[in-house]
Amino acid sequence: MELAPELVEEIQRKKTRVKELPALEGAEKGVVMRFAPNPSGPLHLGHARAAVLNDAYVRKYGGKYILRIEDTDPKRVDTDAYAMVREDIEWLGISVHEIIYQSDRFDLYYTLAQELIGKGGAYVCTCENEQFRELKLAKKPCPCRDGEVETNLGLWQEMLDGEFSEGTASVRVRTDLDHPDPAMRDYPIFRILNSPPHPRMEAQVYPLMNFSVAVDDHTLGVTHVIRGKDHIANTRRQRYIFDYFGWKPPVYRHYGRMSIEGVVLSTSQMREGIQDGRFQGWDDIRLGTLRALARRGIRPQAVRDAMEEIGIGETDISFSWENLFAKNRAFVDPEANRYFFVPDPVEVSISDAPEQTAHALLHPGDAERGRRDIHFSGRALLPGEEIRDVPGMVRLKDLFNVTLRQEHGIMEFTYGGESLAVAREAGAPIIQWLPPDAAVPCTLVTPAGERQGACEQGARTEAGRVVQFERIGFARIDSVSPEGIIAYFTHK
RNA sequence: GCUGCUAUAGUGUAGGGGCCAAUCAUGUCGGCCUUUCACGCCGACGACUGGGGUUCAAAUCCCCAUAGCAGCACCA
């Protein structure tokens with residue numbers, strides 16, 4: 001019997017459906033949104049939230065999604081990351097309408113900086129860091145603050161001409177020294193950097209994010225910004241720039257902090273670990289990168305669903321792998337072919353057992369997909385930990401029953417008949433098994449470590465796909481070679 | 001220290017004065033189905049941080065406390 005396709009689709013949609021996102025103020029006529037990562041490494045789960053949620057809103061309201069590469073700090077630019085970020089965005093299935101590189105826009109930043117200084121909204125500051133900090137905390141102006149506009153314009157030109165060296169001059173926005181929040185007081189928007197060189201351009205005067213972001217959000221027509229609440233202070237700071245220029249700021253939403261257990265998320269730690277060989281690469285299973293998830297067999301749609309469900313709440317949350325796995329299982333279970341994987345295999349001889357071929361379905365819910373034929377002729381590979389209970393009985397799945405006995409310290413395995421009912425009555429576990437001569441060495445890589453074992457020949461045809469090792473869990477077949485198979489554990 | 005944001009079951013989420021002895025998902029437990037401990041189905045468990053106030057009525061509004069988080073970088 002076959003279900004109507006619409007019905008199947010309906011059921012699947014129900015399973016993976018996510019609730020509707022909360023409305024955004026002023027979004028009815030469409031939105032322009034952006035995802036603005038720093039190209040210091042590949043995207044990880046933390047990025048995915050911003051990337052996906054912005055995309056979800058663009059889909060909901062219609063409009064434009066801008067991928068803006070924020071590469072205004074040459075110290076934090078990894079040239080490989082430009083490509084990795086785009087690959088990761090593509091993997092997530094996000095439709096990007098425009099890609100902007102901030103490193104292409106320095107002339108714009110310079111022009112507007114000059115304008116801002118000309119309005120008296122910013123000034124060149126040559127104070128030492130520590131000194132300024134103390135003055136700021138005391139709500140006192142630094143000597144540079146009182147300079148004439150003309151003087152500041154002159155100093156700004158000197159900055160551009162390379163007459164200041166690194167760390168000796170900056171541009172600050174004139175805000176409000178009495179502001180109760182010290183973070184608001186005359187914050188910097190440009191700095192001088194002599195090294196390292198920027199991989200995409202030449203510059204010594206670099207904008208800081210609060211300036212470049214404000215300028216770009218305005219000039220690119222961004223209507224709504226969804227970002228983490230670590231940017232709340234930045235939003236307020238940027239407000240000063242919008243006000244000086246008379247621009248209308250976008251609508252902001254700041255979601256709460258998301259902690260993620262069990263994986264390395266810090267780009268610098270990841271890079272360090274890769275360099276010293278502790279991690280295999282950016283897709284090492286112990287990392288929280290999207291490429292690591294992909295390698296484990298997590299579907300992008302599962303990540304998207306998880307992020308949309310989490311939404312834009314301002315509460316701090318802890319990311320739940322269980323919830324993500326449940327979403328992924330819904331995608332993967334109907335598709336994954338089933339195979340036997342025998343961990344820590346022990347080869348045994350089963351006496352009195354008739355030679356025969358077992359027939360197991362590739363998928364228990366879809367007989368039409370075909371079957372696996374596994375031939376038994378006297379000997380079998382069994383999971384070590386399943387044959388410890390003696391005396392006892394196990395049933396080799398799709399084959400027959402085996403009774404276990406111990407005689408003079410030696411394990412004995414005897415044919416126990418074909419009857420499934422007998423096995424059920426005896427409470428015998430139904431276990432996976434393999435013929436020794438047709439078993440493929442298989443390493444199952446899990447976050448906790450590698451598990452050695454053997455699996456069916458059929459898994460050789462599944463490279464790149466997710467299968468289910470019966471009674472073990474889902475796994476992505478990572479590589480197939482004459483020596484064997486390497487599989488990455490996905491989840492149960 | 002100063003400033004700000006947040007607070008619903010183990011986790012995520014809905015609910016923004018009465019319809020809430022609080023939604024949904026996930027999880028856990030039990031049962032059914034099943035030659036996988038998967039999937040599916042049925043059932044159970046499990047929460048409004050605390051204290052004041054406003055109101056006929058508070059998870060919902062206000063105040064305080066507590067806790068968590070963030071910012072006070074010439075990072076983003």
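Letters A, B, ... mirror the listed sequences (proteins, then strands); counts begin at 1.
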Sugar-phosphate only, base, or nothing, as touched by A:Phe340 at under 4.0 Å among non-hydrogen atoms: nothing
Which part of the nucleic acid does A:His231 contact within heavy-atom distance under 4.0 Å: base, sugar-phosphate only, or nothing? base
Which pairs with one or both residues in residues 335-344 of chain A pass salt bridge (Lys or Arg N to Asp or Glu O under 4.0 Å), sequence neighbours excluded? A:Arg299-A:Glu335, A:Asp333-A:Arg338
Stems formed with participation of RNA chain B [Watson-Crick or G-U wobble, under 3.5 Å, three or more pairs]: B:1-7 with B:66-72, B:10-12 with B:24-26, B:27-32 with B:40-45, B:49-53 with B:61-65
Rounded to whole Å, how long is the line connecting atom CG of A:Asn328 with atom C1' of B:A38? 14 Å
May I ask you to say what A:Ser259 touches in the nucleic acid, namely base, sugar-phosphate or nothing, with a heavy-atom cut-off under 4.0 Å? nothing
Heavy atom of residues 125-143 of chain A under 4.0 Å from RNA chain B: which residues? A:Cys127, A:Asn129, A:Arg133, A:Lys136
Counting side-chain heavy atoms from C-beta on, which of B:U26, B:U3, B:A38 comes nearest to A:Phe474? B:A38
Can you tell me how far P of B:A73 sits from CZ of A:Arg185, to the nearest Å? 11 Å
Taking only N/O atoms, report every protein-nucleotides 6-9 of chain B pair under 3.5 Å with atom names and distance.
none

What is the distance, rounded to the nearest whole Å, between atom CD of A:Glu308 and atom P of B:A25? 18 Å
For A:Glu386, report the nucleic acid contact type (base, sugar-phosphate, nothing); a contact means any heavy atom under 4.0 Å. base
Give a yes or no on this: more than 12 heavy atoms of other residues, nucleotides or ligands lie within 6.0 Å of atom NZ of A:Lys139. yes
Look at the side chain of A:Asn234 and the backbone N and O of A:Asn210, then say whether any donor-acceptor pair between them is shorter than 3.5 Å. no
Would you mind reporting whether A:Lys327 and A:Glu309 have side-chain heavy atoms less than 4.5 Å apart? yes
Residue set satisfying side chain to side chain donor-acceptor pair (under 3.5 Å) with A:Asn54, at least two apart, ordered chain then number -> none
My understanding is that only residues two or more places apart in sequence, or in another chain, count here; which of them pass side chain to side chain contact (heavy atoms under 4.5 Å, CB included) with A:Glu128? A:Gln131
To check you understand the geometry: which heavy-atom pair defines the closest contact between A:Arg271 and A:Asp78, and what is its length? NH2-OD2, 3.0 Å
Enumerate all atom pairs, one protein N or O and one N or O from nucleotides 34-36 of chain B, separated by less than 3.5 Å.
residue: B:U35; atom: O2'; partner: A:Lys397; partner atom: NZ; Å: 3.4
residue: B:U35; atom: O2; partner: A:Arg395; partner atom: NE; Å: 3.4
residue: B:U35; atom: O2; partner: A:Asp398; partner atom: N; Å: 2.5
residue: B:U35; atom: N3; partner: A:Arg395; partner atom: NE; Å: 3.3
residue: B:U35; atom: N3; partner: A:Arg395; partner atom: NH2; Å: 3.0
residue: B:U35; atom: N3; partner: A:Asp398; partner atom: N; Å: 3.4
residue: B:U35; atom: O4; partner: A:Arg395; partner atom: NH2; Å: 2.9
residue: B:U36; atom: O4'; partner: A:Glu470; partner atom: OE1; Å: 3.3
residue: B:U36; atom: O2; partner: A:Gln468; partner atom: OE1; Å: 3.4
residue: B:U36; atom: O2; partner: A:Arg471; partner atom: N; Å: 3.2
residue: B:U36; atom: N3; partner: A:Gln468; partner atom: OE1; Å: 2.7
residue: B:U36; atom: O4; partner: A:Arg338; partner atom: NE; Å: 2.8
residue: B:U36; atom: O4; partner: A:Arg338; partner atom: NH2; Å: 3.2

Heavy atoms from C-beta onward define the side chain here; which of B:G71, B:G4, B:A76 lies closest to that of A:Asp73? B:A76
Aromatic centroids of A:Tyr415 and A:Phe400 separated by under 6.0 Å: yes
Six-ring centre of A:Tyr101, A:Arg200 cation under 6.0 angstrom, axis tolerance 45°: yes
Considering only side-chain heavy atoms of A:Thr72, which listed nucleotide, B:U13, B:A25, B:A76, is closest? B:A76
Only one of A:Arg372, A:Gln468, A:Glu462, A:Glu470 passes side-chain hydrogen bond (donor to acceptor under 3.5 Å, both in side chains) with A:Tyr339, and that residue is A:Glu462
Take the protein atom CZ of A:Arg237 and the nucleotide atom C1' of B:G4, then report the distance between them rounded to whole Å. 12 Å
Can you tell me if the side-chain N/O atoms of A:Ser318 get under 4.0 Å from OP1 or OP2 in B:G12? yes
Report, one pair per line, the protein and nucleotides 31-33 of chain B atoms (nitrogen or oxygen only) whose separation is under 3.5 Å.
none

Please name all residues satisfying side chain to side chain donor-acceptor pair (under 3.5 Å) with A:Asn401, sequence neighbours left out, ordered by chain then number. A:Arg395
Looking for any heavy atom pair under 4.0 Å, which part of the strands does A:Asn38 touch: base, sugar-phosphate only, or nothing? sugar-phosphate
What is the nucleic acid contact for A:Lys75, judged by heavy atoms within less than 4.0 Å: base, sugar-phosphate only, or nothing? nothing
Please work out which residues in residues 157-167 of chain A have a non-hydrogen atom less than 4.0 Å from an atom of RNA chain B and list them by number. A:Gly167
Among residues at least two apart in sequence or on other chains, which ones pass side chain to side chain contact (heavy atoms under 4.5 Å, CB included) with A:Pro300? A:Trp91
Sequence-distant partners of A:Phe341, ring-ring contact (aromatic ring centres under 6.0 Å, His included), two or more places apart: A:Phe469
